[in-house]
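Below is one structure; the comments refer to it alone.
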Amino acid sequence: MSRRRTDPILDDLTEPQREAVTYGEGPLLVVAGAGSGKTRVITRRLACLVGQGVPPDRILAITFTNKAAEEMRRRVESLVGAGATVKTFHSFCAWLLRRGIPHLGRDAGFSIYDRTDSLRVVRQIVREMDLDRDTYQPARLLDRISMHKDSLEGPEQCVREAIGFYEQTAAEVYRRYDERLAENNALDFDDLLFKTVELFRTRPEVLQQYQKSYLHVLVDEYQDTNLPQHLIARALQGRHRNITAVGDPDQMIYTWRGARLENILEFEEDFPGAHVITLERNYRSTANILHAASVSIGFNTLRRQKVLWTESAPGEPVHVLEFEDPYAEAEWLGDTVAEMFEGGVSPREVAFLYRTKYQSLPLEDALASRSIPYQVVDTVGFFDRKQVKDLRGYMQLLLNSSDEEAFLRVVNVPSRGIGKKTLERLRGIARRDGKPMLVTARNASALEELGTRARNALAGFCELYERLASLKCDSIFAFLKQLLRQTAYMQSVPEEDREDVQEVLNYFLSYAKQYDRRSPGGDLLGFVEQTALISDVDGWNTGASAVPLMTLHSAKGLEFDVVIITGLNEGILPHQRALEENPYGNEIYALEEERRLFHVGMTRARKRLYLTHSSTRFIMGREESVSPSRFLQELPQEAVQRESSRPALESEDPAVQFARQAQEVVHRKRTLRAPGRTGSVLQVVDGSAQNGIANGARVVHASYGEGVVVGVESAGKHQMVRVAFSQHGVLTLLLSAR
DNA sequence: TAAACCGTTGTTTTT
DNA sequence: CAACGGTTTA
């Protein structure tokens with residue numbers, strides 16, 4: 001069984017990677033640590049299956065984000081050509097339900113609601129039920145609804161099982177919410193999964209059809225699957241049981257979306273006979289970065305033991321810096337990256353990562369003032385813009401006349417004199433007649449109780465609707481242009497906003513153009529569905545040579561030469577909400593998720609990693625002092641270098657200067673107190689040679705426990721040892737100089 | 001009855 | 001500091 005000399009699918013793989021890629025039939029779990037070639041393994045496996053003669057259209061690959069799906073499709077196509085189905089869970093379910101949902105008594109032309117849409121519905125219900133908005137916060141209620149759906153708990157069950165007044169009320173909100181969505185013929189994100197499970201459960205013949213059509217199912221990022229996703233994956237593996245799950249429990253960062261660590265931790269129980277391959281060698285980062293990341297994640301208790309190792313050089317230490325406030329932080333980083341770019345570093349290779357979206361603001365200022373091109377990778381931002389939602393609202397309503405959220409969104413945009421009172425009355429009539437508001441508005445006789453002015457205004461809107469409905473366009477782009485013209489959208493925009501609005505519209509139009517090009521024959525429904533399920537904006541601004549700015553969550557799966565993580569403060573990372581009580585479990589669990597998030601961030605870096613924090617932050621406009629993140633204290637001293645940020649002293653107010661210097665003194669004390677000497681982190685118990693540690697020496701590590709040295713080499717002024725720990729396996733450690 | 005205005009409120013992460 | 005909701009004004 002010798003391989004051909006040049007095999008693009010297998011040649012550059014290591015042994016464990018190759019084993020995963022070529023593994024035969026039956027369930028397979030690949031536990032792949034950060035930077036261990038996870039994406040490579042799953043793509044190559046798919047390509048390998050095709051190479052072995054599995055028809056591509058009988059392979060289903062599922063990813064978490066559209067971007068990951070696109071990337072995988074691109075890579076597979078370059079290896080073995082097109083044909084495999086690569087989708088996200090949500091887009092797969094949407095596609096499936098367009099055909100299958102009539103089995104559940106629902107219409108296939110459903111709208112897909114995003115969180116904003118859903119929130120509007122909940123708000124309306126809270127109003128109708130006359131509930132106190134502080135006690136029954138719509139966002140909280142929606143979170144609860146989402147949690148229930150993620151646990152496959154329907155509204156009836158919740159109403160039945162609710163204990164106490166609050167829960168009963170919340171369950172009633174859920175019941176009405178679901179009812180309203182059904183009336184609007186709409187599904188929210190959770191429904192896409194929930195209904196698919198329901199369809200599989202109640203219609204075995206439908207499930208069978210999909211089980212037959214897919215011979216292999218591959219799921220990426222398995223650690224982030226929630227219960228419905230886990231069940232869908234299990235259902236689809238069918239009789240052949242050819243499921244490949246790839247993931248890393250240490251990168252599970254979506255508990256709030258229902259992700260269950262158990263899905264991957266207990267994989268062998270759910271898929272009996274599953275083969276498990278663990279990829280622990282990291283190819284991405286320098287030894288210092290990897291060491292810091294490993295020690296950090298080692299503080300977690302809820303994990304599947306796994307020790308990452310590397311043969312890379314130690315590289316630079318991890319840079320840790322403290323600043324006065326987020327603006328000083330951003331300014332210094334602005335200067336630093338500007339220097340890097342002068343030195344020839346590509347802006348694409350430097351990423352700014354942060355915990356929360358609002359942290360991008362000071363960074364944006366700093367970069368903009370230095371004319372450094374940057375791109376905020378805001379996952380929903382663009383599709384959440386008012387203008388985009390308006391246009392989408394029109395399209396949604398054209399596709400689904402029952403969609404009242406869409407109706408309410410666009411009926412008075414641009415403003416045509418249809419106000420709150422008119423709509424309230426129209427809703428009343430619609431409810432009484434049991435018809436959607438749009439249908440009611442089109443029925444002139446139903447409107448007799450309305451005033452002439454309101455009636456004329458509504459008639460005008462209906463006329464517009466008819467005109468739009470009868471448009472014949474050969475592309476989405478052309479349709480959108482017509483839509484803008486027919487609605488006279490721009491005319492209603494105030495002069496001073498025109499430029500901004502036009503810019504947003506242009507982006508949207510060019511997005512539509514791309515859609516036209518990529519999916520010829522694609523219809524309105526396909527376009528609206530895609531924009532509803534979109535999760536990242538790469539589609540409308542690719543190729544730009546700009547510094548990416550993004551949240552730690554959206555950084556997962558990416559890698560950069562230089563990574564800068566800002567705001568390493570208590571209350572930010574770990575986030576305040578994780579330190580308080582939370583609805584998912586206890587605080588330790590939430591804290592560990594924050595640590596995983598930090599781990600994800602650190603392991604994005606190939607060569608250089610900056611971790612910055614500030615002594616004050618601005619919270620709701622107020623300045624407040626904050627302490628450094630506990631995650632920084634947990635880092636191994638030998639892989640970290642604390643640097644001073646050297647602000648411009650001459651321009652500094654003496655009082656501010658004093659405060660900063662005092663801070664520095666405190667900081668220095670803390671650093672000295674921390675274990676800096678080799679002995680305190682890694683203690684030699686037995687067998688040390690005269691110049692340090694020798695092979696075979698027995699050692700004790702502060703966080704890994706006991707181990708035996710299996711390799712020693714010097715790396716510049718540092719010494720690197722490979723230690724086989726009894727609990728954690730073999731690990732490469734970097735010792736600080738004596 | 002609709003649009004402009006103003007004060008209050010409250011900010012995790014995203015398919 | 002932005003978005004929302006309620007209040008005032010036209």
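Here is how names work: the chains are called A, B, and so on, in the same order as the sequence lines, proteins then strands, and each is numbered from 1. We use all heavy atoms of the structure for the numbers below, so side chains are in, but hydrogens, waters and symmetry mates are not.
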Mapping R416(A) and R115(A) to their closest nucleotides on DNA chain B, which lands nearer the 5' end? R416(A)
How long is the straight-line distance from OH of Y222(A) back to CD1 of I264(A), given to the nearest 0.5 Å? 8.5 Å
When the nearest nucleotide of DNA chain B is assigned to D190(A) and to E594(A) on a heavy-atom basis, which residue is associated with the more 5' position? E594(A)
Should the pair R257(A) and Y254(A) be classed as cation-pi, given the thresholds of under 6.0 Å to the six-membered ring centre and 45° from the axis? yes
When you measure from the side chain of D188(A) to the backbone of I112(A), do you find a donor-acceptor pair of N or O atoms at a distance under 3.5 Å? no
Distance in angstrom units between D191(A) CG and dT15(B) P, rounded: 17 Å
Six-ring centre of F598(A), R355(A) cation under 6.0 angstrom, axis tolerance 45°: no
Taken to the nearest whole Å, NZ/K421(A) to P/dA3(B) is 14 Å
Residue R257(A), side-chain atoms from C-beta onward, closest of dT15(B), dT12(B), dA2(B): dT15(B)
Any R577(A) side-chain nitrogen or oxygen under 4.0 Å from OP1 or OP2 of dT12(B): yes
Phosphate OP1/OP2 of dT1(B) contacted by R425(A) side-chain N/O (<4.0 Å): yes
Can you find an N or O donor on one side and an acceptor on the other, under 3.5 Å apart, linking the side chain of R355(A) with the base of dT13(B)? yes
Can a side chain N or O of T551(A) be found less than 4.0 Å away from OP1 or OP2 on dT12(B)? no
Could you label the plane-to-plane angle of the Y210(A) and F200(A) rings as parallel, tilted or perpendicular, counting under 30° as parallel and over 60° as perpendicular? tilted
Y254(A) has its side chain closest, among dT14(B), dT12(B), dC4(C), to dT14(B)
F89(A) on top of dT15(B)'s base, within under 5.5 Å and under 30°? no
dG10(B) pairs with, by Watson-Crick or G-U criteria that keep both distances under 3.5 Å: dC1(C)
Does T65(A) place a side-chain N or O at less than 4.0 Å from the phosphate oxygens OP1/OP2 of dT14(B)? no
Sugar-phosphate only, base, or nothing, as touched by S91(A) at under 4.0 Å among non-hydrogen atoms: nothing
Does dT12(B) have H575(A) stacked on its base, where the ring centres are within less than 5.5 Å and the planes differ by under 30°? yes
With heavy atoms under 4.0 Å as the rule, sort F189(A) into base, sugar-phosphate or nothing. base
Think S415(A) has a side-chain N or O under 4.0 angstrom from the OP1 or OP2 of dA3(B)? yes
D114(A) near the nucleic acid: base, sugar-phosphate alone, or nothing, with a heavy-atom cut-off under 4.0 Å? nothing
Separation between the P atoms of dC4(C) and dT13(B), rounded to whole Å: 16 Å
Can you see if the side chain of N226(A) gets near the phosphate of dT15(B) - specifically, an N or O under 4.0 Å from OP1 or OP2? no
Nucleotide opposite dT8(C) in a Watson-Crick or G-U pair, distances under 3.5 Å: dA3(B)
